[in-house]
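Report on the structure given below.
Letters A, B, ... mirror the listed sequences (proteins, then strands); counts begin at 1. Side chains included, hydrogens not; waters and symmetry mates left out as well; all remaining heavy atoms used.
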There are 2 protein chains.
Amino acid sequence: MTRNTTRTTSFDVAALAGVSQSAVSRAFTPGSSIAEETRQKVLEAAKKLNYVPNSIASSLTTKRTNIVALILGNLGNPFYVHVLHTFSQRLQEQGRQVLIFTVDPGAESDEAILHLLKYQVDGVILTAAQLSTRMTSICHDRGIPIVLFNRYIPGSDASGVRCDNAGGGRLIAEAFLAAGARSFLMITGDPKGTTSQDRARGFVERLLEEGVRRSDIAEIEGSSSYEGAYSAVLRHFGDKNRTRPEAIFGINDIMAMGAMDALRFRLGLKIPEDLMLAGFDDIPEGRRAPYQLTTVRQPINQMVDEALDMLHLDEPSLPIERGLDHPIAGRLIWRGTIPVPPAYQWPAGTTREAEPNAE
Amino acid sequence: MTRNTTRTTSFDVAALAGVSQSAVSRAFTPGSSIAEETRQKVLEAAKKLNYVPNSIASSLTTKRTNIVALILGNLGNPFYVHVLHTFSQRLQEQGRQVLIFTVDPGAESDEAILHLLKYQVDGVILTAAQLSTRMTSICHDRGIPIVLFNRYIPGSDASGVRCDNAGGGRLIAEAFLAAGARSFLMITGDPKGTTSQDRARGFVERLLEEGVRRSDIAEIEGSSSYEGAYSAVLRHFGDKNRTRPEAIFGINDIMAMGAMDALRFRLGLKIPEDLMLAGFDDIPEGRRAPYQLTTVRQPINQMVDEALDMLHLDEPSLPIERGLDHPIAGRLIWRGTIPVPPAYQWPAGTTREAEPNAE
DNA sequence: CGCTTCTATGAATGCGTATGCATTGTTTGC
DNA sequence: GCAAACAATGCATACGCATTCATAGAAGCG
């Protein structure tokens, strides 16, 4: 059998069921005017023929594909894998599917947008990637809602959902300060990414407020990956004259983990005894026994839900909202990489976790 | 502006360019009969209008969507994230896109298949999930090629690509034996999954060949996840009378890592001094300093390429091949979790890696 | 019982593009 | 210099379904 088999269409089903093609269409369209008896006849015939409505054809008239595009920049970061998984599950529950576009980290997503326009997707979620304002306005003109996940485009009026990254950076700063640190190193990611910028900004702001000197806050670039942070740390500490900071903030967990391994396994340092460390995201990997990483948890489920809400997939006739920017607070998760100060007063909203791997 | 804006169609472009709609279509169809001059006129007009051909409409006549469905069972295993990424990149290079279907690990994919039929995908890749033979034959009847990735369906004639899992299990067995182990524990995954079964079978076969007693090979179930293996190990060794095996084979890397962390951080054992350990897959996480996991590397790129070849996306008129089963040999990667025997003769095809995290 | 109001149905049309066919103009071959 | 082959183009139609419109029958109402 070859692939040129003519497919079974609603006409075939109609013929078998002894009704019109319209009736078949209605049988598969919830809420349409059809007698229950007729519907059953149709469904029966459809089952006999293994008929499944062709959504490609139907979306031609309905102008809805039930496909949402997800642009992903960095699958090397487990956080975004989790994000993908969450989006996919939520959308599947709604009878929608995810069309994936992977983009090289840091690269422009413009080309991806051009491709997804062809598919007439109902909406676009953009994570971990750059996008020009020209593209957002093209999407807007074509009536395709686009929501930025955990980033925003300066100077654009595209809507987005994100963690309060600056606020999270401040939480980490406070934890370090409470534990007595006075000199710091930040390992930042993509310098063009607002996520990295904002976390670093909040972190530095808080430190300066507490009187830390600017010269006691160093920064190196870890290219948003485990490997990048690992080698950045080795490079930085390769200069033996460099004074060692008391605390390191990895702008995301995967980089904090890379830094941690370099510090422990290549530089022979103990954490938190010699050096304290924190990340951001709260990926499952950071909870594991070798890491026990103190971090800020991003409320993924809530962020995903709000992002999907902003897409207004169920009310396509609504005008597309613009310029919405919805920051959601993160929460400090205190684990083993920052020593607990004596008689420490835990700030509200902090979670302390010991060994979550144990059941 | 609402989403009901009438879209710009090939007719609009045709009007602006002063040609017929057919000419517009041909301008965007490589290899069609159109004068270069006309094509330029059309492309110019298209650019002015931000026109992008509607592939939904075109696939209605061409019967090709340039969409490939990827059914994923377990995104908690980084190996499959890597697989997803590789498929996505390859397909994007070909101008095709990936439609994601996530399925609960161990659950049937039948429902996913029903959904993807609606989208008239050009092909299906199934990883890490169960599938009934009824579904494979429905796909077959509808002319949709389906390729199983790293699994096969007993009793079905669906084609697939996989690592030589049994052979890989044998490699691990040999490495353990060479290092002097004589008692063993296997941590297996989904009992219905052929991948886990085959690896375990090859492992046991080889051990028995070398005179290991059946009673010296134990098995526990780790549900294919880090957490599953972690707690399975704690449960198993909670029985203090249990004699400790000399070697543990985690049927995949993520489980081996979970086992390793439980052994080290909860049971206070040293690896490889007290116990040797190996995994399977060679995920990047297992290469990292805290793990240095000895494993069998699956040749992902080759497997993905062959899987895509088997889909014959470029020759849709060919009859769908059935029953092809293409095992590809894995390669032993010897790292730190198995002690190197004195004067050991490395088998052909073994790679020895010291500290790959260092640049 | 005659009227209106509803419900269920089918015929016909449109969604945006690809393509077979016919037509025109151009080039080739002898 | 004329027939034949060919390249470029437009017209018309098909792809599979949703939906509007018209119609026929059923039910409600006084």
Side-chain angles (χ1 to χ4, degrees), chain A residues 3-42 45-46 49-66 117-122 142-143 316-317, chain B residues 3-42 45-46 49-66 117-122 142-143 316-317:
Chain A
R3 277 177 247 188
N4 286 330
T5 317
T6 50
R7 333 185 208 195
T8 62
T9 74
S10 53
F11 283 94
D12 302 326
V13 177
L16 180 60
V19 296
S20 73
Q21 179 266 329
S22 319
V24 177
S25 171
R26 286 193 257 259
F28 284 95
T29 308
S32 57
S33 169
I34 186 173
E36 187 52 34
E37 191 191 0
T38 316
R39 147 172 278 136
Q40 287 309 326
K41 260 196 311 192
V42 171
L49 298 176
N50 280 330
Y51 169 79
V52 178
N54 180 338
S55 24
I56 295 297
S58 82
S59 61
L60 201 52
T61 55
T62 58
K63 300 190 186 313
R64 313 238 69 207
T65 52
N66 290 320
L117 284 178
K118 297 191 301 194
Y119 287 97
Q120 314 291 124
V121 297
D122 292 344
R142 309 199 61 166
S317 54
Chain B
R3 278 178 248 191
N4 285 329
T5 317
T6 50
R7 334 187 208 197
T8 63
T9 74
S10 50
F11 283 94
D12 303 326
V13 177
L16 181 59
V19 296
S20 73
Q21 179 267 331
S22 319
V24 177
S25 171
R26 286 193 256 260
F28 284 95
T29 309
S32 59
S33 170
I34 186 172
E36 187 52 33
E37 191 190 1
T38 316
R39 148 172 278 137
Q40 288 309 327
K41 260 197 311 192
V42 171
L49 299 175
N50 279 330
Y51 169 79
V52 177
N54 180 337
S55 23
I56 295 298
S58 84
S59 63
L60 198 53
T61 55
T62 60
K63 301 190 187 309
R64 312 237 71 206
T65 51
N66 290 319
L117 284 178
K118 296 192 302 193
Y119 288 98
Q120 313 292 122
V121 296
D122 293 344
R142 309 200 62 170
S317 53

Pairing of DNA chain C as dot-bracket, 5' to 3': ( ) intra-strand, [ ] crossing, | other strand, . unpaired, with Watson-Crick or G-U pairs under 3.5 Å?
||||||||||||||||||||||||||||||
Answer yes or no: does a side-chain N or O of A:Y119 lie under 4.0 Å from OP1 or OP2 of C:dG16?
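It does not, given that no N or O in the side chain of A:Y119 lies less than 4.0 Å from OP1 or OP2 of C:dG16.
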Does a nitrogen or oxygen in the side chain of B:K63 sit under 4.0 Å from OP1 or OP2 of D:dG16?
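Yes, B:K63 has a side-chain N/O under 4.0 Å of OP1/OP2 on D:dG16.
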When all nucleic acid strands are considered with a 4.0 Å heavy-atom cut-off, which category describes A:S22: base, sugar-phosphate, or nothing?
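The residue A:S22 makes base contact.
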For A:T38, answer base if it contacts any base atom (sugar-phosphate contacts may also be present), sugar-phosphate if it contacts only those atoms, and nothing otherwise; contact means non-hydrogen atoms under 4.0 Å.
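The residue A:T38 makes sugar-phosphate contact but no base contact.
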Nearest listed nucleotide, side chain of [X], among [options]:
{"X": "B:S10", "options": "D:dC17, C:dT17, C:dG16", "result": "C:dT17"}
{"X": "B:Q21", "options": "D:dA18, C:dA18, D:dC11", "result": "C:dA18"}
{"X": "B:N54", "options": "C:dG10, C:dT17, C:dT19", "result": "C:dT17"}
{"X": "B:T61", "options": "C:dT17, C:dT19, D:dA18", "result": "C:dT17"}
{"X": "B:L60", "options": "C:dA12, D:dG16, C:dT19", "result": "D:dG16"}

When the distance from CG of B:D12 to P of C:dG16 is rounded to whole Å, what number comes out?
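Interatomic distance, CG of B:D12 to P of C:dG16: 9 Å.
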Of all the heavy-atom pairs spanning B:L60 and A:A57, show the shortest one and how long it is.
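That would be CD1-CB, 3.6 Å.
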Main chain of B:Q120, side chain of B:T65: is a donor-acceptor contact present, judged purely on distance under 3.5 Å?
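It does hold such a pair.
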Tell me which of A:S20 and A:F11 sits closer to the 5' end of DNA chain C, going by the nucleotide each one is nearest to.
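That would be A:S20.
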Just wondering, are more than 12 heavy atoms of other shown residues or ligands nearer than 6.0 Å to CD in B:E36?
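Yes, CD of B:E36 has more than 12 neighbouring heavy atoms, counting only those of other groups under 6.0 Å.
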Contact list for DNA chain D against residues 23-37 of chain B - heavy-atom distance below 4.0 Å
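Here the set is B:A23, B:R26, B:S33, B:I34, B:A35.
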